[in-house]
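The block underneath contains the structure these notes are about, expressed in structure tokens.
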Amino acid sequence: MAKYRIAWMPGDGVGNDVMDAARVVLDALKFDAEYVPADIGWEFWCQEGNPLPDRTLEILKDTDCALFGAITSKPRDEANEELAPELQGTGLSYFSPIVKLRQHLNLHTNLRPCKAYPGNPLNYRDDVDLVVFRENTEGMYGGVEWFPLPEKIYDALCDNPKMVKWKDKGLENVALSTRIMSKQGCESICRQAFEYAKTHNRKSVTLVEKPNVLRETGGLMTRVFREVAKEYSGIEAWEANIDAMCMWMIKNPQDYDVIVAENMFGDIISDLCAGLVGGLGFASAANIGDDYAVFEPTHGSAPKYDGKFVVNPMAMLLTVKLMFDWLKEDELATRLEAAIATVIKEGKVATYDIKGRGKGDSTMDVAKEVTKHL
Ligand code: IPM
Ligand code: MN
């Protein structure tokens, strides 16, 4: 029997391309695993009205962790049009399966390293090396939303006098998305950021929030952050507002070490950070819960490149490295990262994002080049 059982979920579009690349590298490393394919994504929405079928959730229960490629999401009307004719009008509505997975498995922590590997011509600066801790189940992406706004929700919200002004617009014209955050959720993400800083010798943790405007949710997060920070006296605790932080990340990204944020701000800042180290082609991510994790590159499914094997597999390969970290397969993690770094530095084999449109090597060529350096 293999040492690990890994759920294998390519998902949509170029998710398939980069997962093929991952497999080449996993096999070259002789990683002792059985890969269990699991259905997820657009195809299953269209055919069955469910992009995350129950049989997939069963497979996840029975595996150590999951590797995941990418997901296509479309707005409501388009999603409804592409649904199988016999399912149309049955009240089904599309949801993002990755967001659902994070919620369902309580994958509360999204870890997103952004490191400028030497020699990457796409680096904004060569000395950026930071890690984003994004809270992954609460906040603006918690999914508590309405449109139109039901009368009873409106009435309850009128407990706050600021609510009254929306009545004039007509409730049928009002949409509501909530930002619900718990003390436990805030504490968990802050603590993990500080623990990471401690174990990885990082000098600071920066909270990205907006407590001057989002006084209750942002205020709670800020208070919790300060409390947790007290327990880590050797680590500097910095605070920045999300808007200012976008500016600071362009001005002095080298100053930052560990960044912690709630769900939406973490989503935004992690794409910005990815942009500093070569773009989404280099951005890896881990969705981590108490005893399960789903590893997925930050990039989307890029439908126009689907099956063309042109996209950069480095984000996926760095994601495999995160999986090795989580499994405590330290030797494999070190070997893989070193091989990736060498291939980036040599720059001989690289995809179009580096070499220019039409001039890039294929996704698989890059993966094979990595295997040569393992
Ligand atoms: C990400 C993505 C997802 C998110 C989308 C696809 C739902 O942007 O993983 O950052 O916003 O979490
Ligand atoms: Mn995102």
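In each ligand, atom 1 is the first atom listed, and ligand 1 is the first ligand listed.
Protein heavy atom in closest approach to atom 6 (C) of ligand 1: I98 CG2, 4.4 Å. If you check which protein heavy atom lies closest to atom 7 (C) of ligand 1, you get V99 CG2, 3.6 Å. Ranking protein heavy atoms by distance to atom 8 (O) of ligand 1, first place goes to D267 OD1, 3.5 Å.
Between atom 4 (C) of ligand 1 and the options H299, M264, R134, the minimum heavy-atom separation is to R134. By heavy-atom distance, the residue among R112, R102, E296 lying nearest atom 3 (C) of ligand 1 is R102.
By the 6.0 Å and 45° rule, R179 stacks over the aromatic ring of F265.
Under a 4.0 Å N-O distance rule, the pair K115/D126 does not qualify as a salt bridge. Taking the charged nitrogens against the carboxylate oxygens, K308 and D17 have no contact shorter than 4.0 Å, which rules out a salt bridge.
Here is the list of ligand 1 atoms found below 4.0 Å of a heavy atom in Y141: 11 (O).
Between F31 and Y35, the ring planes lie tilted relative to each other; the angle falls in the 30° to 60° range.
With a cut-off of 2.8 Å, the Mn ion (ligand 2) has an N, O or S atom of D267 in range.
Looking only at atom types and distance, the side chain of T137 has no donor-acceptor partner in the side chain of Q103 under 3.5 Å away. A donor and an acceptor atom, one from each side chain of Y232 and E195, are located under 3.5 Å apart.
Taking a 4.0 Å cut-off on heavy atoms, M140 fails to register as neighbouring ligand 1.
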